[in-house]
A.B. asks: 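Have a look at this one.
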Amino acid sequence: MDLEYQLIIPEFVMAGLAVVIIAAALALRNVDQKWFGYATAIGLAVIAIVTAVAYWDTNDDFGTVLAVDHFTVLFRVFFLGIAFFTVLAAVQFAGDRLKNHAEFYGLIVFATLGMMLLAASRELLTAYLSLELLSFSFYILVGFNKLNPFSNEGSLKYMLLGAFSSALMLYGISLIYGVTGTTTYSAIGPDVVEGTRNIAEQLASFAGGSGGVDPDGARPGLLIGLVLITAGLGFKVSAVPFHQWTPDAYQGAPLPITAFLSAGGKAAAFAFFLRLFSEAFLPAAAEWVWFVAILAAVTMIVGNLMALQQTNFKRLMAYSSISQVGYLLVGIVALDAANISQSQDAASALVLHLIGYVTTNIAVFAAIIAFYNRTGRDDIVDLRGLAERQPFLAFAIAAALFSLAGMPLFAGFATKFIIFQAAFNNGFLWLGAIGVTASFVSLYYYLMVIKQMYLYEPEGSDRERFHVSRPLAGALVVLVAGVLFIGLYPTPLFDVIHSSTEGLFEQAAALSAAVMGQ
Amino acid sequence: MVLSEFAGVSMPDWIDALLRIIFIVALMTIMAFALIYLERKILARFQARVGPTRTGPIGTLQSIADALKLITKEDVRPITADRWAFELAPYMAFVPVFLVFVPMPFTETWFIRDLNLGLLFVFGVLGLNIVGVVMAAWGSDNKYALLGGVRAAAQAISYEIPMLLIVVAVVMVAAGRLAVDGDASAAGSINSIVGDQTTTPYILLQPLGFFIFIIGMLAELHRPPFDMPIAESEVVGGYFVEYSGMRWGMFFLAEYTALFLLVVLASSLFLGGWNWPFGADVGLGLQIVLTFVKTSVLIVLVIGSRALFPRLRIDQLMAFSWKVLLPFAIIQVIANGIILAYGGADWVVGLVSFGLLAALGGLVYYIMRRKQGEGARTVQTTPATPRVITAPEVTPVEAGGD
Amino acid sequence: MDAGEALLLLLLIPGAAMLLTILVPSRHANVVRWIALIATTATLIDSIWIFAVYDFAQGGYQFDLQYPWIENIGFLGENGISLHLAVDGIAAPMVLLNGLVGFAGVLVSWKITHRVKDFFILFMALFTGVYGVYIGQDLFFWFFAYELAVLPMYLLIVIWGSTNKEYGAMKLTMVLVGGSVLIFVGIFAVFAEAGAGTFDMAVLRDIEFGRGFANTFFPFFMIGCGVLAGLFPFHTWSPDGHVAAPTAVSMLHAGVLMKLGAFGIIRLGMEILPAGTDFWMPVLLVLGGVAAVYGAISAIHQTDLKFVIGYSSVSHMGFVLMGLGTMNNIGVNGAVLQMFSHGVMTALFFAMVGGLYDQAHTRDIRVFGGLVRKMPLFVIFFGIAGLTSLGLPGLSGFVAEFHIFVGTIDTFPLFAALGILSAALTAIYVLRLMGRAALGPFNPRWENLKDLSRWEIAAAIVLIAPIIAMGIWPDPFIDRIAPTVAELPNIDQIGGLFTLSSLTGR
Amino acid sequence: MEDGVTATQVVFWILAVVMLISAIGVVTAGNIVYAALFFIASLAGVAGIYLILTVEFIALVQLLIYGSAVVILILFALMLTRARERPQALFGRSRPLGIAASLGLLAALIGGIVATTWTTPESSAAIQPVGLQAIGDAIFTIWIVPFIIVGVLLSIALDGAIMLASPDEDDN
Amino acid sequence: MPPLEHILVVNAVLFAIGAMGVLTRRNAVLILLSVELMLNAVSLNMVAFAVYGHVDFGNITGVIFAFFIIVIAAAEVALALGIVVRTFRNRATANVDEVNLLKW
């Protein structure tokens with residue numbers, strides 16, 4: 001078997017980077033720990049740039065397990081970017097409040113590696129293992145602040161529920177494998193068409209006890225598998241009702257990790273979600289779309305309602321990110337087996353919203369990290385008077401929160417508009433309406449945060465203005481600019497995304513062409 | 001199959017199976033008795049004593065006398081012990097060892113079954129006996145028993161890893177050599193590995209492997225100098241401190257059987273098992289003799305080490321496994337992989353392995369020198385506090401910033 | 001006329017000012033102020049130019065300008081979303097209105113000293129958003145601008161406001177954004193139903209929507225926009241918001257922002273979904289009438305100056321909605337005129353109240369008295385606003401309300417009576433206000449009051465000029481509005497009756 | 001499938017029953033150590049079924065890995081809970097709900113399994129043992145990437161576990 | 001060989017028992033054990049599919065999958081116990097609902 005290892009050089013380099021960082025820390029004990037952070041960041045940036053330049057035109061498969069196409073490359077760069085900003089934001093935080101810095105950065109790199117592999121996987125086993133690589137890194141990272149009981153507790157809950165969800169997903173995968181005899185996405189696709197044909201009919205005939213089960217077509221096992229996979233993925237992306245771990249993990253984790261979790265973890269899970277559902281399960285869209293739609297609706301509603309009651313900023317962001325998952329799921333709902341170009345647009349819309357959301361979220365967290373570095377507090381009321389003490393941070397947080405609420409000028413508006421339009425276009429007016437209403441509700445709690453920053457005077461003993469370290473401030477400026485750019489002129493980004501999602505639908509397009517031809 | 005061939009008659013399967021079981025039980029018992037006797041004798045010689053002399057000719061029936069004593073002894077169960085765990089533990093410790101007999105080649109044709117995955121089987125099954133140890137430790141409701149059990153488990157698991165890696169390295173070598181004959185996939189079978197050592201015992205190819213295997217074996221068996229789990233002066237007697245009578249005997253039996261089996265395995269893997277080292281195809285009778293000569297040498301080595309070496313500390317023991325043996329085992333596997341992948345000759349494999357062994361020796365020597373240089377004041381005489389048991393009630397840390 | 005760049009400038013100038021302001025260090029407050037003033041002056045000139053150059057003989061949409069914006073997204077249509085700008089006869093006066101009020105707002109805000117930089121950034125965002133709504137011709141952009149106009153309100157009120165500002169600001173934002181949710185859904189429904197693959201209003205206007213669809217989705221626009229216009233059951237945010245807001249924001253808010261609602265009903269409702277008007281416009285008229293009376297009655301009971309004006313705004317916006325509800329050319333014409341008139345007038349009101357409050361630190365009518373002795377200019381300007389409000393002939397209010405009444409008489413005579421009743425009630429509270437606060441016995445507590453500052457005077461003059469101009473010479477407005485209104489779908493032509501535009505021989 | 005009940009099927013059902021009863025023991029035992037011991041029994045049952053399914057390799061890996069892993073598990077369970085000294089409630093408040101949910105899951109799964117037509121060979125003679133060589137070849141060619149990932153994953157799990165569990169100087 | 005359906009049903013029961021354990025137990029170690037039961041059910045499923053199907057499918061993906069699942073499970077146990085130990089050091093409990101600084 002001929003394997004083209006040059007396709008996955010970036011992954012190897014990533015692993016190497018992590019190992020080098022960890023090993024270097026063992027060797028260089030007297031070096032200021034922050035240099036490990038900056039070295040990691042530089043490494044990530046270099047890998048990102050080189051990957052983007054060297055692989056953009058690649059469209060090839062590594063064996064049957066990985067696909068290195070535009071989608072992969074886009075997400076590679078995307079994840080590297082996320083990691084880059086996370087590391088940059090984390091440097092001072094880690095230096096002040098954490099130990100084992102090199103392992104901290106190394107694990108971030110490993111998690112990023114997991115994300116990259118996840119986005120590239122075109123086969124369920126590889127995808128599952130990549131997901132676990134990612135999850136394991138996060139389990140550790142969430143509990144990284146090991147003397148802090150919150151951190152520890154978040155990690156414990158995350159780990160247990162994560163393992164449970166993996167088991168659910170694996171069972172689903174096993175059923176899919178049992179029915180189709182393969183775990184490769186592209187091979188599942190055609191079988192799915194066969195397997196889910198008239199499932200309702202089959203179930204009815206089975207329930208009727210007529211014994212008239214079509215011997216070669218009755219495969220509700222496939223549907224159960226799909227539902228279980230969706231449920232497992234629901235856990236990973238923290239969709240309601242599988243979201244219980246999210247607030248705890250978010251609140252417990254060290255702040256940069258909360259940022260990374262909410263940005264990278266979610267983005268990776270959705271990259272997987274998207275590739276799986278568009279390459280493998282798209283033909284059966286009619287069978288699962290209702291399930292995902294309900295999931296999306298419940299997620300949007302519950303996420304936002306729960307967020308209303310929060311007093312801790314991290315917890316607020318956790319519920320906020322849950323509701324964002326609802327919006328992202330709308331993009332999955334908009335996939336349409338009958339209309340491939342609509343599906344591709346929906347997928348692109350999803351990715352666009354994802355990128356917008358991630359940029360925004362990292363911006364929020366970078367700002368909060370800068371605040372936390374100074375104050376060590378993360379309740380919403382602690383933000384009081386931030387506009388006086390550090391207007392730039394307050395502005396960045398406000399802008400990002402408005403973006404999350406879907407207000408114009410910022411990324412959230414345009415991307416949400418597009419993603420809801422995708423759902424409307426696919427006949428899910430009610431879902432879009434729920435989404436719009438939910439984001440209206442979300443404005444309330446974002447405003448509560450903004451109010452604290454702008455309305456009140458600083459309180460407590462520490463009311464001085466303070467400085468944000470240069471790299472962090474620079475990162476924030478870039479992020480906020482990104483949020484504005486996506487909000488005002490998403491077209492170029494969308495074009496890039498659109499060209500990257502093309503590959504996801506080649507198979508489906510061929511299939512539907514074949515159906516047309518019949 | 002084997003026995004029926006030996007007997008020269010064909011018989012139904014169930015009789016065959018029964019015969020094999022009887023064979024195993026008999027062999028195991030005999031070996032255990034012999035080993036107990038041998039150990040007492042050899043140790044006594046080391047200590048300038050004579051050992052048992054009264055029972056039977058030069059004390060040869062001593063083990064049987066011991067067994068009789070054990071059988072007639074009252075079986076006591078502490079009142080606070082957990083009934084099920086306590087009662088079942090000896091069996092859990094005993095049965096896996098019993099199973100390990102299955103793939104052991106005593107001669108070219110004398111074994112119960114030539115499993116294709118024999119090596120994996122040995123380690124997979126043998127590992128289970130630690131469950132019995134832990135059950136005993138916990139079920140006894142005795143602090144020392146628990147300590148001993150925890151130590152035993154930690155030790156067993158720690159040394160299992162380098163041992164397994166070394167077995168992997170051996171299998172790699174064997175597979176490379178067997179592939180020449182056309183069937184590399186047989187490398188998992190112990191008998192095939194032995195069969196390959198007609199002229200070259202693998203101790204020449206994998207001297208480091210042999211070293212690590214023996215060390216690991218000692219640790220697995222809780223033999224001195226790695227006997228902390230059952231050290232009387234530290235934990236009174238370890239996990240079976242509360243046992244008496246035949247149940248205690250079963251633990252002992254299991255231990256000696258395991259010793260015998262591992263020694264057979266070591267001789268099969270590294271010393272050529274039933275092979276005459278100079279390539280002549282010897283007959284069945286001589287094969288048995290060869291096997292037993294080789295195992296005996298190893299047995300004397302094992303028993304002798306009890307008399308020769310002082311006991312380590314538990315932390316030294318763990319550190320030695322994780323920080324010395326494991327890295328060297330990994331390096332050995334990688335080195336084998338590289339050499340074999342590029343078709344290196346056997347002598348290269350052997351040389352590299354020997355080089356690694358020398359490096360290991362040098363490293364250990366260097367560390368010991370440095371430790372001595374640091375002076376006596378750093379020597380700890382007590383084991384690390386067993387905090388796992390005495391961990392105080394920790395009040396939750398006050399909520400606050402990270 | 002094809003100078004769409006003028007429209008683009010309306011967005012670019014404040015936008016650029018906003019960016020520029022961000023870059024100015026916050027300690028240079030005066031630089032910030034001057035940037036704002038220059039920007040608003042420029043936009044005012046631009047607005048006036050647009051208003052003047054708008055070719056009313058030709059009518060329809062002019063200054064058409066279209067740039068591609070968000071493309072290549074299949075389900076957003078083949079043309080995607082474009083930056084499509086244009087003004088018609090209704091939008092032109094609104095653009096002018098915004099220019100005037102924005103300019104005056106900057107003048108009035110000169111005295112703000114707290115976080116000047118932030119204030120003007122947000123002010124400019126609001127200002128840009130309002131322009132965007134008036135000139136946007138693409139539903140996406142329209143909605144974008146609409147939200148952009150609503151968004152800064154919250155911060156503006158929360159930071160610089162007064163009197164229960166947290167509550168007021170939150171209520172205002174949530175109600176308005178809630179309304180925009182309806183608009184959002186409506187926009188998508190329209191897009192999907194049209195199937196034209198575009199958000200361009202120019203295209204959507206030409207598409208006939210079914211009656212059932214229109215009847216279903218018209219209220220999405222009517223209520224969604226109506227909320228902003230102070231539609232009756234949803235009006236309560238408005239007085240609270242007004243009271244809480246700082247002066248300039250109140251001005252922009254009452255003067256311009258509320259008009260966005262009525263404007264939205266015209267743009268989205270009447271133009272795109274004309275089939276829904278038959279069923280829903282009477283409802284709008286009834287609600288408008290109720291708001292007019294209710295607002296007036298409430299205003300009578302208030303003691304806080306701003307509450308009085310706030311409820312008066314509700315009342316006047318009720319007139320606007322009534323006018324729209326008539327669905328005949330005169331009524332709608334009047335509604336648009338009233339939008340302009342009320343915009344300038346109420347801005348003047350708030351400017352004056354702000355000027356007073358900054359010195360007196362109270363707005364309780366009962367404690368004032370005889371202010372004319374200390375603040376003659378204030379009383380004069382305030383009086384002009386009040387008289388406009390009660391519809392004194394010769395001032396803009398009269399022209400507008402007269403149109404509305406005439407239109408209403410034609411369709412719903414009963415409601416004309418209601419409207420006239422509310423005008424009478426307006427007279428009561430305005431005159432009471434004047435009598436109590438401005439004239440009346442002097443309260444010595446106010447010995448130290450000074451008259452208006454020059455910035456406020458300038459602002460007032462800028463605002464009074466159009467009031468008087470429209471009052472005595474409404475033709476420029478009617479010339480522009482009437483033909484456009486006449487072209488609206490489903491409009492009854494009742495030209496036989498008295499119209500001022502007949503004076504010009506058209 | 002052959003007709004009638006073969007010896008293999010009998011053995012299978014014995015193993016299955018042992019496995020399931022032990023599994024129930026795991027989730028209902030009132031003592032953590034018992035639960036862990038039941039778990040071992042269950043694992044042994046699973047390993048036996050692997051053997052019936054002719055995949056000795058997986059069976060042995062199961063014993064080897066779980067055998068060790070579970071022993072550690074029990075050890076920590078012992079150390080951590082001190083079950084003997086302080087009896088604890090091992091069930092959460094939501095017990096009935098959990099039981100109901102899992103029964104629902106079970107019903108759905110069995111329904112789906114029974115209703116589905118699975119692809120199976122004509123007779124069990126066609127079922128060939130999965131050879132070790134085949135597994136090895138597959139792992140090191142097709143599945144090399146997963147194999148590498150697992151390697152990375154194991155190292156970070158090890159690293160993380162050590163880092164988290166190791167005592168700190170300000171640990172009390 | 002038992003019919004495939006029998007094996008699958010047994011696995012489903014095992015899986016459901018595991019799920020029940022996760023949902024009803026509150027001790028972290030016990031939850032972990034229950035998850036392991038679920039994973040066992042999954043690997044058995046995989047192996048069964050592979051063995052019964054691999055004549056037709058010509059692959060042994062299921063066996064490989066089972067192998068990897070077992071490995072992952074071991075890693076999971078190791079890591080989870082690391083976290084549990086850390087919890088116990090910090091809080092002296094391993095019951096997940098006594099670990100409740102954060103709302104569950």
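Sequence lines set the chain letters: A, B, ... in the order given, protein chains first and strands last, and positions in each chain run from 1. Computed over heavy atoms, backbone and side chain alike; hydrogens, waters and symmetry mates excluded.
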A.B. asks: Starting at CD of C:E193, measure out to CG of A:L429 and round the result to the nearest 0.5 Å.
C.D. replies: 11.0 Å

A.B. asks: Could you check whether any side-chain heavy atom of C:D118 comes within less than 4.5 Å of a side-chain heavy atom of A:Y454, counting everything from C-beta outward?
C.D. replies: yes

A.B. asks: Counting heavy-atom pairs closer than 4.5 Å to chain A, which one of C:Y146, C:W160, C:F184 comes out on top?
C.D. replies: C:F184

A.B. asks: Please examine the side chains of A:F395 and C:I121, heavy atoms only from C-beta on, and report whether any two atoms are closer than 4.5 Å.
C.D. replies: no

A.B. asks: Where does C:L155 contact chain A at under 4.5 Å (heavy atoms): side chain, backbone, both or neither?
C.D. replies: side chain

A.B. asks: Which answer fits C:M174, side chain, backbone, both or neither, if we ask what part of it has an atom under 4.5 Å from a heavy atom of chain A?
C.D. replies: both

A.B. asks: If I take atom NZ from residue A:K451 and atom CD1 from residue C:I157, how far apart are they, to the nearest 0.5 angstrom?
C.D. replies: 13.0 Å

A.B. asks: Count the heavy atoms of every other residue, nucleotide or ligand shown that sit under 6.0 Å from OH of A:Y444, and state whether that count exceeds 12.
C.D. replies: no

A.B. asks: Just wondering, more than 12 heavy atoms not from A:F466 lying within 6.0 Å of its CZ?
C.D. replies: yes

A.B. asks: Do C:L151 and A:F410 come close enough that some side-chain heavy atom pair is under 4.5 Å?
C.D. replies: yes

A.B. asks: Taking the ring of A:F413 and the ring of C:F140, is the distance between their centroids below 6.0 Å?
C.D. replies: yes

A.B. asks: Quick one: does C:F144's side chain get under 4.5 Å of A:L488's, heavy atoms only?
C.D. replies: yes

A.B. asks: Checking an interface table here. Which of residues 399-408 of chain A come within a heavy-atom distance under 4.5 Å of chain C?
C.D. replies: A:F402, A:M407, A:P408

A.B. asks: Quick one, C:F188 and A:F417 - any side-chain contact, counting heavy atoms below 4.5 Å?
C.D. replies: yes

A.B. asks: If every non-hydrogen atom of C:E166 is compared with every non-hydrogen atom of A:L455, which pair is closest and at what distance?
C.D. replies: CG-CD2, 2.9 Å

A.B. asks: Please tell me if the side chains of A:L447 and C:T173 come closer than 4.5 Å, counting only heavy atoms from C-beta onward.
C.D. replies: yes

A.B. asks: Under a 4.5 Å heavy-atom cut-off, does chain A meet the side chain of C:K117, its backbone, both or neither?
C.D. replies: neither

A.B. asks: Let's test your reading of the structure: which of A:V441, A:L352, A:I418 forms the most heavy-atom pairs below 4.5 Å with chain C?
C.D. replies: A:I418

A.B. asks: Measure A:T437 against the heavy atoms of chain C and call it side chain, backbone, both or neither at under 4.5 Å.
C.D. replies: both

A.B. asks: If you count heavy atoms of other groups shown closer than 6.0 angstrom to NE2 of A:H467, is the number above 12?
C.D. replies: no

